[in-house]
Every structure is written in C-alpha cells, then in structure tokens.
Amino acid sequence: MSKNTIRSIKGTHDILPDQSWRWQQLENHVHDFMHRYGYREIRTPVFERTELFARGVGTDTDIVSKEMYTFRDMSNNSITLKPELTAPVIRSYLQHNLGRLTPLTKLYYIDHAFRQERPQAGRYRQFHQYGVEALGSPHPEIDAEIIAIAYFSLLELGLENLTIKLNSIGSRECRIAFRAALQHFLKPHLGDLSETSKSRFNTNPLRILDTKIPHEIEIVQGAPAMSDYLTAEDVQHYNQVKSHLNDLNIPFEEDNKLVRGLDYYTRTTFEIISPALGAQNSVCGGGRYDGLIETLGGKPTPGIGFAAGIERILMAAAVSQSEEPTVLVYLIVIDDDGRSTAFKLLHDLRDKGINADMDYLHRSMKSQLREANRLGAELVLIIGSEELKDGTVQFKNLKTGSQKAIPLDSVLAEISEKPD
RNA sequence: GUGGGCGUAGCUCAGCAGGUUAGAGCAUCUGGUUGUGGCCCAGAAGGCCGUGGGUUCAAGUCCCAUCGCUCACCCCA
C-alpha cells in the first residue's frame, strides 16, 4: 500500500463484495423472521442528543462514561453517535407516541452502533446489531417470546452449540434491598477489591458480581444471592418464563451472576454465547427494562428486548446458505462494428430481468472470453462483422462448449428456453 | 487505558550466522490460436522490505523510536 493512501478509522471495516453477500443474506433472513413474529421495523438516526444515553443507559456504565463518540454540533448541542440501540428506539416510541395504536408495540431493527473501545476479535468501534423491543407487556410470555426470537433466529442463521444464560435480577424494589445486602456483605472486603470494584461499590454494586478477577470471584462466592431477594411476584414471573421456554424446548442455563451491563435492566436478563468465537463470545444479550420508558419521560410502561451482534454471528456461522447471483449472459464484441448492436442487446436483456454484462475495455476476444469464464457466465453471445452482415449472433454455452448461430431477434427467446 | 504478537509484490508467505541486481505460489496482463474461455506452456508487469534514526566497510536481516495491524485484559453485541 502506498504511503499516501488514507486508511479507514481504527475499529471500522469496509464490507467488501466478497462479504457483502453474506450480510445481505443475513439481513433478508432477519426481516423475514421478524415479520413472522409480528414485529415491524424501526430506523432511528445515527446520532442522538448525548442526554438520551446519559439518562437512559446510565452515567456510571462503561458505555456512557468512557466509550461514546460525543461531539458538539454548530449549535453547541452535545451529540453522540449511538452506542446502543434501545434508548433511541424508546425515544422514538415516545416522540411519536407509537403506543397509541396498540398497547403492545413490537419493533425490530438492523442497525449500527459506535463505541470507542480498543478493537479486538468480535469487537469493533462501528458494529452492527439486529434486535427487537416489545413495549407494553409485563407478562412472562413476552419474555419467552423475546428469548425465542433471539435463539431461533440465530439457529436459522446457522449458529450451532449455542448456550443461553438466564437470570432474573428482580424488580426495582427488591434490587434496592439486594443492593443494600450486597454492600453490607462487601464492606469488610472493601480493602481487597480492585479500584473499579471499589468505585462500583457505590454506583452499581451488582456489577461486582460479574468480576473476572480471581480473588474477587472467591470473595463474591459467599455473597448473598439475588434469588433470595426476589419478591414472590418476581419469582413467579421468572418461573413462568422458564416454564414457557421449556414448552418450546429452548435449552437454557441459569446463571445467577449474570448482570447486564446497562442500568436499565429489571427481572429477566439473558445472554447467548457461542463457542465458535474468541474472548468476545456473546452473540446476543438482552432483558427486561420495566423502568426505562418512565426514565425517558414516558408513562410507566414495561419493556423487553435484545440485541445480537451481526459481526459475531457472521464470524461464528460457518456456512452461507445460497449462491451469490452471477452474470448469466456475457456479450462479446469482436470488432468496433458490433459494439452498438451489442450495447443495445445488453440493455434489452437486462430490461427483461436477465443478469448480463459486457466488456468495456475494448479487449481482445480471448480476454473477453476469459472474463466471461471468470464471472461464471453460462452463456456468451458473440457479435462480429460477419454476424452483423446476416443479422445473427453466435450463441455459445460455456458449460458445454457448444455453439451455434442464431438470428439476432431470437436471442431473448433462445435464452429463456433451457440453454444448450 | 494496560500487555503480547506481527509489519517483505494485489493475496499467502520464504529470505537461512548482516554480504553483490530481493524470491516463490496464487492472482493480474500479454502471447502460444488470421474471430473462441477453462487445462497446459512461455513471457511481462508489479516491492523506498511500514516510517525515522543508530551500529557497521556493508542492514530486509542487529539496536532504538514511531506508526499501523492483530490478539488479550477491562467491558460488551
């Protein structure tokens, strides 16, 4: 690469033609899948007011405190490239009062988000997710549906050996009690905790449970369990979610240490991990957020959703489902006389919905045939001065090698028949 | 922010104790066929050996710095 070329920004990637076909396939699958489950697409802007994330996601989360792309626009507003996709959807839901139409609003998206982290396998600064949000129902069936969508959509996209990790972190009331108990338990160990854990002790002690530091894991081992602090309603809700999952034969593992990193989660939280990935093995994460809509200025409305990482899915999914469409017919021009005839014929073919192309470099016939072969064309139409004279084209099948002269005006008919 | 690995042709990589004009395979282009692809053969093009500095008679090779890529920690999709 020349020293003068400009590179893409660290942690961002071009999706080249080799890969874009897989993206299209995945997106098509997602659209189709979501429609089957009764979800409608929503698209929100790439950037939002910074305040949306500060309020919605929580200022003491890693995302808000150190990973956002934030800048000032010309009106001196603080703007942030979306670091996650739920808060903007809720914002839009409230702004347009989408809940007016029906008490349960089911939305999905395929979108990109931005976080300023050190890139690594499966973690990029611009990354893509598809996800769903179901707004309005507090009932466990919708929790199960959300998990079902996450799980079955991933299966349909070709992922294997997935593990669903499931937990309930309770309603807001019992989290307050649990939080106090946790702080009470951790207080004597405060000196042994890492700096980050120490600061989380006050801001969000639940996240200390998620620690990866060995000696903290030991300390946390004896911590009070969230499950002991769930209210009777929380327990019942959780049990019903599990029961519905069992009804659908969706396998899951309970993990009472699973705490989603964003502040807004309540009750059901889940994560789906794939063994085909590296250290960043989570392909999907989600949960219930019964307080979020109220936090963002709406009336109290329950909600639940998930987001799945498209790059990670593409990394973990071995097979692509179908062949990329290729050029079917390639036109070859031998000498300048035939060029305009070929150009018009090319247009007619395309107009009739046939994948067709021709050479635009005035190359030798041999080169043009090579190109046709490289493109995977099945048929080649050759036009030279001799053909022009008697109004024909050479009709050649590249698979069999057979060739015949046919009248120019019968080309379309000939192609639509089974070529031989 | 912290740590490890790696930067030689478009791609994947050789380059062996520092020693003359820097190599291979694949890809590309041209030719072997006065109008016929794949396979085969021949040839061509393509490299400030990431950048800067240092050591040396001599640096792709050794040292330092720097930039970039990558993996991992943290956290997450």
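Reminder, nothing fancy here: chain letters follow the sequence lines and each chain counts from 1.
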Exercise. Specify the residue among Glu67(A) and Gly384(A) whose closest nucleotide of RNA chain B lies further upstream toward the 5′ end.
Key: Gly384(A)
Exercise. Please report, rounded to the nearest Å, how far the P atom of G10(B) is from the CG atom of Asp14(A).
Key: 18 Å
Self-check item: Gap between atoms CD and C1', on Glu117(A) and C74(B) respectively (whole Å)
Solution: 9 Å
Self-check item: Residue among Ile313(A), Ile147(A), Ile149(A), Ile272(A) satisfying side chain to side chain contact (heavy atoms under 4.5 Å, CB included) with Cys284(A)
Solution: Ile272(A)
Quiz item: Taking the P atom of each, how far is C73(B) from A77(B), in whole Å?
Solution: 16 Å
Quiz item: Between Asp234(A) and Ser171(A), do the side chains contain an N or O donor and an N or O acceptor separated by less than 3.5 Å?
Solution: yes
Quiz item: For atom C1', what is the distance between U28(B) and C11(B), given to the nearest Å?
Solution: 12 Å
Quiz item: Under the ring pair (Phe, Tyr, Trp, His ring centres under 6.0 Å) test, which residues partner Tyr124(A), sequence neighbours left out?
Solution: His13(A)
Quiz item: How is Gly131(A) classified with respect to the nucleic acid when contacts are heavy atoms under 4.0 Å: base, sugar-phosphate, or nothing?
Solution: nothing
Quiz item: Looking only at atom P, what distance separates A65(B) and G5(B), rounded to whole Å?
Solution: 14 Å
Quiz prompt | RNA chain B-proximal residues of residues 365-377 of chain A, any heavy atom under 4.0 Å | solution = Met365(A), Lys366(A), Ser367(A), Leu369(A), Arg370(A), Asn373(A), Arg374(A)
Quiz item: What distance, rounded to whole Å, do you find between the two P atoms, one in C67(B) and one in A22(B)?
Solution: 31 Å
Practice problem: Any salt bridge (charged side-chain N to carboxylate O under 4.0 Å, His left out) involving residues 122-133 of chain A? Give me the pairs, sequence neighbours left out, ordered by first then second residue. | Solution: Glu117(A)-Arg123(A)
Practice problem: With heavy atoms under 4.0 Å as the rule, sort Ile310(A) into base, sugar-phosphate or nothing. | Solution: nothing
Quiz item: What is the distance from CG of Leu314(A) to C1' of A77(B), rounded to the nearest Å?
Solution: 13 Å
Quiz prompt | Aromatic Tyr238(A) / basic Lys242(A) pairing, under 6.0 angstrom, 45° off normal | solution = yes
Quiz item: Among all residues two or more places apart in sequence or in another chain, which pass the side chain to side chain donor-acceptor pair (under 3.5 Å) test with Gln19(A)?
Solution: Arg22(A)
Practice problem: Rounded to the nearest angstrom, tell me the gap between atom CG in Asp390(A) and atom P in G35(B). | Solution: 17 Å
Practice problem: Using only heavy-atom distances, decide whether a donor-acceptor pair under 3.5 angstrom links the side-chain of Glu387(A) to the base of G35(B). | Solution: yes
Self-check item: Listed partners of Arg172(A) passing salt bridge (charged side-chain N to carboxylate O under 4.0 Å, His left out), at least two apart
Solution: none
Quiz item: Rounded to the nearest Å, what distance is computed from the CD atom of residue Gln116(A) to the P atom of nucleotide C75(B)?
Solution: 19 Å
Exercise. Return each pair, listed once, that meets ring pair (Phe, Tyr, Trp, His ring centres under 6.0 Å) where at least one residue sits in residues 327-380 of chain A; pairs must be two or more places apart or across chains.
Key: none
Self-check item: C26(B) versus C41(B) - spacing of their P atoms, nearest Å
Solution: 9 Å
Exercise. Write down the distance between CD1 (Ile382(A)) and C1' (G35(B)), rounded to a whole number of angstrom.
Key: 8 Å
Exercise. With C1' as the reference atom in both, quote the distance from G46(B) to G10(B) in angstrom, rounded to an integer.
Key: 9 Å
Practice problem: Sticking with atom P, work out how far G7(B) lies from U12(B), rounded to a whole angstrom. | Solution: 12 Å
Exercise. Would you kindly give the CZ-to-P distance between Arg363(A) and U28(B), to the nearest whole Å?
Key: 10 Å
Quiz prompt | Qualifying salt bridge (charged side-chain N to carboxylate O under 4.0 Å, His left out) pairs, either residue in residues 269-284 of chain A, two or more places apart | solution = Arg260(A)-Glu271(A)
Quiz prompt | Atom-pair distance (CD1 on Ile273(A); P on C75(B)), nearest Å | solution = 16 Å
Quiz item: Side chain of Gln280(A), base of C75(B): donor and acceptor closer than 3.5 Å?
Solution: yes
Practice problem: Report the C-alpha distance between Phe178(A) and Ile169(A) in whole Å, list the side-chain angles of each, state the deciding distance to 0.1 Å, and finish with yes or no for side chain to side chain contact (heavy atoms under 4.5 Å, CB included). | Solution: CA-CA 9 Å; Phe178(A) 177 60; Ile169(A) 59 174; over 6 Å; no
Quiz prompt | Dot-bracket encoding per residue of RNA chain B, Watson-Crick/G-U cut-off under 3.5 Å, | denoting interstrand | solution = (((((((..((((.....[...)))).(((((.......))))).....(((((..]....))))))))))))....
Self-check item: Gap in Å between the two C1' atoms, one belonging to G52(B) and one to A9(B), rounded
Solution: 23 Å
Quiz item: Picking from U36(B), C74(B), A77(B), which would you name as closest to the side chain of Arg312(A)?
Solution: A77(B)
Exercise. Under 4.0 Å between any heavy atoms, over every strand shown, what does Glu84(A) touch: base, sugar-phosphate, or nothing? Just pick one.
Key: nothing
Quiz item: Could you give all pairs that pass the ring pair (Phe, Tyr, Trp, His ring centres under 6.0 Å) test and reach residues 39-61 of chain A, with sequence neighbours left out?
Solution: none
Practice problem: Taking salt bridge (charged side-chain N to carboxylate O under 4.0 Å, His left out) as the test, write out the residues that go with Arg43(A), two or more places apart. | Solution: Glu41(A)
Quiz item: Who passes salt bridge (charged side-chain N to carboxylate O under 4.0 Å, His left out) against Lys352(A), sequence neighbours left out?
Solution: none
Quiz prompt | Side chain of Lys66(A) - closest among C74(B), G35(B), A77(B) | solution = C74(B)
With 3.5 Å as the limit, what N/O pairs link the protein to nucleotides 66-70 of chain B?
| unit_1 | atom_1 | unit_2 | atom_2 | d |
| --- | --- | --- | --- | --- |
| C69(B) | OP2 | Lys10(A) | NZ | 3.0 |

